Amino acid sequence: MNLNPPRVIGRILRTNISNFPRRGRNSILSNENFPFQHRRSKQLMETVITRFPPSPTGDLHIGGARTALFNWLFAQNRGGKFVLRIEDTDLERSTEKSVKAILDAMEWLELTFDEGPYFQTKRLDIYREYANKLHASGHAYWCECPPEELEQKRKTAMTEGRKPKYDGTCRHKGLGPGPNRVLRFRSPDTGTTVLKDIVKGPIAFDNAELDDLVIIKSDGVATYNFAVVIDDITMNITHVIRGDDHVNNTPRQIQIYRALGAKLPEFGHVPMIHGEDRAPLSKRHGATSVMEYRNLGFLPEALLNCLVRLGWSHGDQEIFSRSEMIEHFTIENIGTSPSVFSMEKLLWLNAHYIKAKPAEDIVPLLRPFLAARGYPEKPDAYIAGAVRTLQARSRTLVEMADAMRFYMVDEVAIDPTAAQKFLVPEMSAPFERLLSEFEKLNVFSEATLEPIFRTVMADLNMKLGKIAQPLRVSLTGSTVSPGIFEIIDVLGKETVLKRMRKGLERMKQGAQA
RNA sequence: GUCCCCAUCGUCUAGUCCGGUCCAGGACACCGGCCUUUCACGCCGGCGACGCCGGUUCAAAUCCGGCUGGGGACGCCA
């Protein structure tokens with residue numbers, strides 16, 4: 001006879017906990033009966049503290065950056081604090097270089113932190129202290145099972161279709177510490193643990209699914225699942241916003257909080273970012289590291305804007321300034337399904353920010369790209385002028401730097417196909433006429449040039465388009481460029497006349513050929 | 001295999017909580033047009049989705065169940 005209601009495992013549906021709103025714009029503030037209502041109002045007095053805990057085993061990648069951004073935004077929105085913590089307890093894979101790379105990327109994105117960076121390897125004693133507490137209270141025990149044996153048992157379980165969990169061999173041995181021994185957390189084997197996820201809603205786990213996880217490795221270092229909990233407790237973290245891939249770790253962590261009698265933070269799990277093929281983002285999807293995007297000529301505000309829209313939205317708004325992101329960011333508007341990172345969208349956003357930014361502000365950002373191309377030095381004002389003509393035509397700083405070549409080099413290389421088509425003998429007469437008019441000119445600007453063009457065109461009974469292409473080819477070496485007057489304006493009289501004479505020569509050569 | 005999560009245009013998403021206002025809105029990409037000295041920018045228009053099957057209901061993208069598909073987790077990694 002079963003008098004107990006059936007246990008509900010997994011996503012708890014509205015019918016089971018009807019007043020747990022998963023999302024919904026106003027529900028949290030409007031619903032008086034919301035179970036967390038007064039916890040919530042207590043929180044309003046309490047400072048929000050979020051954290052970003054990368055492990056220094058590589059560059060900061062897109063997914064990590066978005067997690068950092070969400071935590072940062074939430075803290076900013078609530079007037080709270082943002083903590084950076086380096087999770088370097090994997091002594092094998094953690095490197096100094098990665099720490100630097102992560103810090104650089106955070107700085108580039110201007111994701112400023114109020115505390116840290118903390119390093120877990122500097123806090124090992126704290127973990128041991130808490131581990132001792134757990135041992136003393138009977139919540140942890142020493143285990144001497146050799147790793148190879150455990151590995152073998154896991155495999156067997158897997159092939160037999162069972163969950164590969166620790167079988168509890170040392171659970172009741174009452175062992176003390178010793179070489180090659182690990183400390184395991186004694187996980188309850190009945191009941192359920194409920195994760196009240198602020199993004200996904202409540203999720204229940206059957207405790208029988210959870211095994212006794214290692215909390216202190218045989219080298220005396222805490223494992224991830226233990227160190228995070230201790231850190232989040234001792235750093236007073238109020239909200240843990242992290243990737244979806246941590247959902248299954250959370251019930252174990254909750255049990256540790258409970259065993260320690262600590263207050264739980266709020267947990268929010270954000271769906272992951274995938275590549276175009278829906279597989280998790282990896283190298284073969286192209287650039288995955290934040291700094292690669294800087295090298296590709298992207299602006300940090302564009303990357304941030306792109307990332308914030310992956311899994312979060314505010315109605316139909318696409319463009320967000322930093323302050324708008326902060327102002328509008330709420331957990332309720334985080335989506336529940338995984339998203340695919342799109343380079344096309346990033347390019348569009350980047351083009352938008354390049355257009356919107358004052359040319360003067362682009363110059364310093366562009367300089368490294370110019371230098372990389374070995375262009376001769378030019379003054380800021382000159383480059384700014386060139387930038388202005390290219391802003392609407394460049395999606396990245398790389399494209400801009402490439403397109404800027406003809407402004408920068410002394411001699412332009414003329415595209416052979418373009419020369420063949422436009423630097424033709426028939427054009428030499430009108431070209432000569434234009435050249436002689438230009439030579440007389442003292443003030444060289446669009447305002448003085450345009451009337452001259454008009455009169456020359458009228459005299460020769462030609463359309464502007466007819467002469468524009470040969471001129472363009474002479475000045476830039478290509479049939480594609482910014483507007484002809486803009487170019488002349490930036491290049492200046494001397495260079496324009498020099499290149500026009502060169503062009504004229506080519507036209508006459510064409511006549512002989 | 002077991003457990004967990006997810007499911008609206010090709011992509012990012014609005015709408016889902018509180019069913020009707022949605023023969024589903026916006027953005028990127030794509031296609032067409034306008035503007036025009038080239039290329040862009042900009043503007044206008046077009047293409048294009050509620051995974052499937054049941055149930056509840058006068059009414060379902062929205063609630064319920066199943067299926068299918070995708071993803072995650074199962075380490076002395078984090």
Side-chain angles (χ1 to χ4, degrees), chain A residues 9-11 13-15 20-27 31 53-55 57 87-90 92-94 143 145 147 150-151 154 157-165 180-184 197 200-201 203-206 209-211 213-219 221 223-225 227-228 243-249 251 269 271-272 274 276 278-280 306 309-319 332 335-342 344-349 351 355 390-394 403 453 463-469 471-473 476 478-485:
Chain A
I9 304 303
R11 241 318 275 294
L13 299 156
R14 264 179 285 272
T15 33
F20 188 104
R22 182 174 62 90
R23 308 173 58 195
R25 290 201 187 288
N26 305 311
S27 52
N31 184 355
S55 59
T57 54
E87 306 215 325
D88 55 353
T89 51
D90 184 344
E92 308 272 294
R93 298 194 300 147
S94 299
C143 166
C145 294
L150 294 173
E151 186 53 38
R154 259 194 294 275
M158 207 81 106
T159 48
E160 285 172 8
R162 298 194 326 269
K163 186 125 181 156
K165 38 180 279 191
N180 296 318
R181 286 186 184 171
V182 299
L183 191 64
R184 282 185 188 273
D197 196 289
K200 290 173 179 287
I203 305 167
F205 295 85
D206 191 334
E209 288 296 323
L210 277 17
D211 64 355
L213 72 159
V214 172
I215 57 176
I216 300 288
K217 299 181 251 184
S218 57
D219 61 3
V221 177
T223 58
Y224 160 75
N225 273 305
V228 245
D244 219 343
D245 49 338
H246 290 278
V247 170
N248 290 280
N249 287 323
H269 290 94
M272 311 193 60
H274 292 169
E276 313 268 351
R278 303 242 158 227
C306 188
R309 286 288 288 105
L310 248 36
W312 177 82
S313 61
H314 181 252
D316 286 339
Q317 191 170 343
E318 297 287 346
I319 304 287
E332 293 81 63
T336 49
S337 53
S339 47
V340 174
F341 177 79
S342 159
E344 291 297 335
K345 192 87 170 229
L346 210 212
L347 280 166
W348 173 73
L349 250 4
K355 280 193 284 272
L390 255 14
Q391 277 175 290
R393 290 164 236 264
S394 311
F453 263 97
K463 288 193 68 173
L464 178 58
K466 187 81 175 142
I467 193 106
Q469 281 307 73
L471 219 205
R472 189 186 311 282
V473 172
T476 71
S478 157
T479 53
V480 175
S481 84
I484 206 81
F485 295 117

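Not measured: the values here are computed from a predicted model. Throughout, protein chains are lettered first and strands after them, A, B, ... in sequence-line order, and every chain is numbered starting at 1. These values consider heavy atoms only, across backbone and side chains, with no hydrogens, waters or symmetry-generated copies.
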In terms of the nearest nucleotide of RNA chain B, which residue is placed more toward the 5' end: Leu150(A) or Gln469(A)?
Gln469(A)

Can you tell me how far C1' in rC44(B) sits from the matching atom in rC35(B), rounded to whole Å?
11 Å

Any side-chain to backbone donor/acceptor pair from Thr223(A) onto Val214(A)? Under 3.5 Å, distance only.
yes

Looking across every strand, which nucleic acid part, if any, lies under 4.0 Å from Pro482(A) by heavy atom: base, sugar-phosphate, or nothing?
base

More 5' along RNA chain B: Ser394(A) or Arg181(A), using each one's nearest nucleotide?
Ser394(A)

Count the heavy atoms belonging to other residues, nucleotides or ligands that lie under 6.0 Å from NZ of Lys165(A), then report whether that count exceeds 12.
yes

Remember a base hit wins even if backbone is also touched, and classify Glu318(A) as base, sugar-phosphate or nothing at under 4.0 Å, heavy atoms.
base

Taking rC34(B) as the reference, what is the distance to rC41(B) when you measure between their C1' atoms (whole Å, please)?
14 Å

Flag the pair Pro482(A) / Arg393(A) as yes when at least one side-chain heavy-atom distance between them is below 4.5 Å, and no otherwise.
yes

In whole angstroms, how far is the P atom of rC28(B) from the CH2 atom of Trp348(A)?
5 Å

rC63(B) pairs with which nucleotide, Watson-Crick or G-U wobble, both distances below 3.5 Å?
rG55(B)

Quick one: is Ser313(A) getting a side-chain N or O under 4.0 Å of the rA14(B) phosphate, OP1 or OP2?
yes

OP1 or OP2 of rA7(B) versus the side-chain N and O atoms of Thr336(A): is any pair under 4.0 Å?
yes

Counting any heavy atom closer than 4.0 Å, what does Thr223(A) reach on the DNA or RNA strands: base, sugar-phosphate only, or nothing?
sugar-phosphate

Taking the side chain as C-beta and beyond, is there a heavy-atom pair between Arg184(A) and Asp211(A) under 4.5 Å?
no

Please determine if a side-chain N or O atom of Thr57(A) lies less than 4.0 Å away from the OP1 or OP2 oxygen of rC77(B).
no

Determine the Euclidean distance between corresponding P atoms of rA61(B) and rC50(B); express it in Å to zero decimal places.
11 Å

With a 3.5 Å limit on both atom pairs, tell me what rC74(B) is paired to, counting Watson-Crick and G-U wobble, or say none.
rG1(B)

Distance in angstrom units between His246(A) NE2 and rC77(B) P, rounded
16 Å

How many whole angstroms separate atom CD of Glu151(A) from atom P of rC77(B)?
12 Å

Any side-chain N or O of Arg93(A) under 4.0 Å from OP1/OP2 of rA78(B)?
no

Within 90° of 0 counts as syn, otherwise anti: where does rC41(B) fall?
syn

Please work out if Gly465(A) contacts a base, only the sugar-phosphate, or nothing of the nucleic acid, heavy-atom cut-off 4.0 Å.
sugar-phosphate

Gly311(A) near the nucleic acid: base, sugar-phosphate alone, or nothing, with a heavy-atom cut-off under 4.0 Å?
sugar-phosphate

I need the CD-P distance between Glu87(A) and rA78(B), as an integer number of Å.
8 Å

When you measure from the side-chain N and O atoms of Arg309(A) to the phosphate of rG26(B), is any distance below 4.0 Å, counting only OP1 and OP2?
no

Check the pair Asp88(A) / Arg93(A) against salt bridge (charged side-chain N to carboxylate O under 4.0 Å, His left out), numbers first and verdict last.
CA-CA 8 Å; Asp88(A) 55 353; Arg93(A) 298 194 300 147; over 6 Å; no

Mind checking the P distance from rA7(B) to rC47(B)? Whole angstroms is fine.
28 Å

Check whether any side-chain nitrogen or oxygen of Lys217(A) sits under 4.0 Å from OP1 or OP2 of rA78(B), and answer yes or no.
yes

Expressed in angstrom and rounded to an integer, what is the separation of His314(A) atom NE2 from rU13(B) atom C1'?
14 Å

Across all strands, who's sitting opposite rA7(B) as a Watson-Crick or G-U wobble pair, both distances under 3.5 Å?
rU68(B)

Nucleotide opposite rG42(B) in a Watson-Crick or G-U pair, distances under 3.5 Å
rC34(B)

Look at all strands and tell whether Phe485(A) reaches a base, only sugar-phosphate, or nothing, counting heavy atoms closer than 4.0 Å.
base

Distance check, P atoms only: rA78(B) and rA73(B), in whole angstrom units.
14 Å

Regarding Ser342(A), tell me which of base, sugar-phosphate or nothing describes its non-hydrogen contacts under 4.0 Å with the strands shown.
sugar-phosphate

Could you measure between the two P atoms, the one in rC52(B) and the one in rA24(B), and give it in whole Å?
15 Å

Could you check whether any side-chain heavy atom of Phe453(A) comes within less than 4.5 Å of a side-chain heavy atom of Leu471(A), counting everything from C-beta outward?
yes

So what does Pro338(A) hit on the nucleic acid, given a heavy-atom distance under 4.0 Å: a base, only sugar-phosphate, or nothing?
sugar-phosphate

Near Glu92(A) CD, under 6.0 Å, is it more than 12 heavy atoms from other residues, nucleotides or ligands?
no

